[in-house]
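By convention in this document, chain letters (A, B, ...) are assigned in the order of the sequence lines, proteins followed by strands, and residues within each chain are numbered from 1.
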Protein chains: 2
Amino acid sequence: MKSAVQRKSLEANALPAPARRREALRADEPIFDLIELFFFAYRDFVGDADRMLENYEFGRAHHRVLHFVNRRPGLAIAALLDILKITKQSLNRVLKQLLEAGFVEARAGFSDRRQRLLYTTAKGAGLAQELAHLQSEHFVRVLNELPASARGAATDFLLAMIDAAERERVRVPLSRGGARMTASKAS
Amino acid sequence: MKSAVQRKSLEANALPAPARRREALRADEPIFDLIELFFFAYRDFVGDADRMLENYEFGRAHHRVLHFVNRRPGLAIAALLDILKITKQSLNRVLKQLLEAGFVEARAGFSDRRQRLLYTTAKGAGLAQELAHLQSEHFVRVLNELPASARGAATDFLLAMIDAAERERVRVPLSRGGARMTASKAS
DNA sequence: CTTATACGTCAGCTATATTGACATATTTGT
DNA sequence: ACAAATATGTCAATATAGCTGACGTATAAG
């Protein structure tokens with residue numbers, strides 16, 4: 001079924017191995033397959049969550065906020081803006097809704113009380129978890145139909161696709177990450 | 001650098017090989033790394049083109065239309081809608097602008113004159129090419145910092161991420177695909 | 001000759017983002 | 001103590017990209 005397409009790509013890949021040193025790839029001819037696959041893959045990937053979010057009257061923007069707040073408890077507004085790369089006015093609309101609906105809560109920073117550190121509530125964490133689970137299932141389905149090396153390869157590929165300057169920030173400040181955000185400016 | 005993330009994923013992946021039959025991966029714990037990497041990677045990938053499009057006063061929507069029309073000369077409206085998964089009203093706004101600005105042109109179908117078959121003009125093809133080249137350079141940069149197998153792996157991964165029902169359609173009707181209506185000129 | 005199809009268009013609505021200006025609380029530097 | 005910088009909130013206007021619904025027109029097909 002899908003093997004046709006897959007086979008094609010695999011063949012294309014199996015080019016004269018030695019010819020590929022460091023000048024392996026030139027951009028003389030556009031890499032249309034990857035361009036289009038990336039578009040379709042992303043669209044279908046976010047589609048899953050989009051459909052679930054409709055039940056809560058939330059959109060993709062809410063999802064992103066909820067996700068990152070959940071992953072980085074104690075995240076400050078400025079840090080969130082920096083991750084999302086949107087303006088505070090844009091953020092405020094969706095954040096306000098999440099706060100009012102009780103999915104996220106804000107506490108004043110301890111060392112700097114101007115800050116509003118964000119945390120998911122139990123309810124918010126639940127939804128974030130549901131969404132992450134849904135998207136994880138998508139990945140699991142995908143990875144299970146690919147060789148075992150696929151996960152590492154996908155991780156490496158996606159990481160390399162991220163602007164070099166951003167890759168640092170991507171490495172999630174797990175657990176107590178956000179709290180020390182106070183010093184974010186300092187570093 | 002990236003090894004932290006990478007190592008983690010590779011280890012997780014290196015589970016008792018035999019245990020990975022069909023139950024290889026469970027979704028008990030969300031695959032946060034891939035979820036976030038995919039988000040950031042897509043954002044940075046489309047960012048390149050977005051910046052170039054500003055010079056033409058076009059947005060991402062114009063890009064998509066231009067791209068697919070360029071790739072599938074002779075594409076009919078209905079087929080384009082099916083690819084983009086938007087409504088005709090949404091399409092019409094951007095398509096009209098592309099037509100008026102002379103980047104795309106429409107000719108009546110020969111066998112069915114109700115259809116408007118879309119083609120890029122020389123100007124449109126030029127811009128499409130520029131954009132594709134820009135995005136290809138992104139991929140080339142990425143693939144050149146990864147092992148040779150990365151391209152095949154990325155292709156397979158992205159293809160698998162696409163909804164199964166869609167994968168067929170994705171296999172680009174290259175060259176004479178839907179456009180073998182080359183006769184369009186003739187008749 | 002009626003119905004179905006391919007497409008265009010008007011009108012109004014929503015979600016997500018933008019810029020610019022201004023307000024308020026708090027921290028910091030002198 | 002005070003001025004300036006900072007973190008955040010908010011009001012207003014605007015743009016883009018999508019949506020639904022309703023209706024019109026040309027062409028194809030039964």
Side-chain angles (χ1 to χ4, degrees), chain A residues 39 42-43 46-47 49-51 53-54 56-66 69 74-101 104-118 178 181-186, chain B residues 39 42-43 46-47 49-51 53-54 56-67 69 74-100 104-118 178 181 187:
Chain A
F39 164 68
Y42 190 74
R43 186 192 62 184
V46 294
D50 283 355
R51 280 182 288 276
L53 286 159
E54 283 173 15
Y56 296 83
E57 310 237 275
F58 286 148
R60 206 173 285 181
H62 301 85
H63 183 188
R64 295 200 281 255
V65 170
L66 183 65
V69 169
L75 193 64
I77 301 289
L80 182 51
L81 290 176
D82 199 44
I83 289 171
L84 298 175
K85 304 238 184 285
I86 59 175
T87 60
K88 64 179 174 178
Q89 294 92 329
S90 292
L91 171 61
N92 217 260
R93 180 180 41 85
V94 308
L95 180 56
K96 198 188 291 186
Q97 290 169 1
L98 287 168
L99 288 165
E100 284 167 1
V104 169
E105 61 181 24
R107 303 179 209 153
F110 23 85
S111 63
D112 184 341
R113 305 194 2 160
R114 289 171 304 182
Q115 292 185 317
R116 297 179 73 207
L117 306 185
L118 303 173
M181 280 304 178
T182 320
S184 66
K185 199 46 168 296
Chain B
F39 165 68
Y42 191 74
R43 186 192 61 182
V46 294
D50 283 354
R51 280 182 289 276
L53 286 160
E54 283 174 15
Y56 296 83
E57 309 237 274
F58 287 147
R60 208 174 284 180
H62 301 86
H63 183 188
R64 295 202 280 256
V65 171
L66 184 65
H67 174 92
V69 169
L75 193 65
I77 301 289
L80 182 51
L81 290 176
D82 199 44
I83 289 172
L84 299 176
K85 305 239 182 282
I86 59 176
T87 60
K88 63 179 175 179
Q89 294 92 329
S90 292
L91 171 61
N92 217 258
R93 182 172 38 79
V94 307
L95 180 56
K96 198 188 289 186
Q97 291 170 0
L98 286 169
L99 288 164
E100 283 167 0
V104 168
E105 62 180 24
R107 305 179 208 154
F110 31 85
S111 63
D112 183 341
R113 306 197 359 162
R114 289 171 303 181
Q115 293 184 314
R116 296 179 72 207
L117 306 185
L118 303 172
M181 326 305 225
S187 64

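The side chain of A:Arg93 places an N or O atom within less than 4.0 Å of a non-bridging phosphate oxygen (OP1 or OP2) of C:dT16. Put simply, B:Ser90 has a side-chain N or O that comes within less than 4.0 Å of OP1 or OP2 on D:dC19.
Look at CZ on A:Arg51: it is 14 Å from P on D:dC19, rounded to the nearest Å. As rounded to whole Å, 12 Å separates atom C1' of C:dA15 from atom CG of A:Asp50. Look at NZ on A:Lys88: it is 13 Å from P on C:dC22, rounded to the nearest Å. Atom pair B:Asp112:CG and D:dT27:P shows a separation of 10 Å (rounding to whole Å applied).
Contact annotation: the side chain of A:Arg60 approaches that of A:Arg64 to within less than 4.5 Å [non-hydrogen atoms, C-beta and beyond].
Relative to the side chain of B:Lys96, the nucleotides D:dT10, C:dT9, C:dA15 differ in distance, and C:dT9 lies closest. With C:dT26, C:dT18, D:dT8 as the choices, the nucleotide that has an atom nearest any side-chain atom of A:Arg113 turns out to be C:dT26. Distances were taken from every side-chain heavy atom of B:Arg64 (C-beta onward) to each of D:dA17, C:dA21, C:dC7; the shortest belongs to D:dA17. For B:Ala78, taking side-chain heavy atoms from C-beta onward, the closest of the listed nucleotides C:dT9, C:dT18, C:dC7 is C:dC7. Of the listed nucleotides (C:dA25, D:dT20, D:dA17), D:dT20 has the atom at the smallest distance from the side chain of B:Thr87.
Both A:Leu91 and A:Glu57 lie close to DNA chain C; mapped to their nearest nucleotides by heavy-atom distance, the more 5′-ward contact belongs to A:Glu57. Each of A:Gly59 and A:Gly109 was assigned the nucleotide of DNA chain C with the nearest heavy atom; the assignment lying further toward the 5' end belongs to A:Gly59.
Nearest heavy-atom pair, A:His62 versus A:Leu98, reported as atom, atom and distance to 0.1 Å: O-CD1, 3.8 Å. Contact detail for A:Ala108 and A:Arg113: the closest heavy-atom pair is CB-O, 4.1 Å.
A distance of 8.5 Å separates CG of A:Leu66 from CG of A:Leu53, quoted to the nearest 0.5 Å.
Here the options are A:Leu95, A:Asp82, A:Asn92, A:Leu117, the test is side-chain contact (heavy atoms from CB on, under 4.5 Å), and the partner is A:Ile77; only A:Leu95 passes.
Within 3.5 Å, a donor on the side chain of A:Gln89 pairs with an acceptor on the base of C:dG20, or the reverse. With hydrogens and angles ignored, a donor-acceptor pair closer than 3.5 Å exists between the side chain of A:Arg114 and the base of D:dT6.
At the heavy-atom level, B:Arg60 lies under 4.0 Å from the strands shown only through sugar-phosphate atoms.
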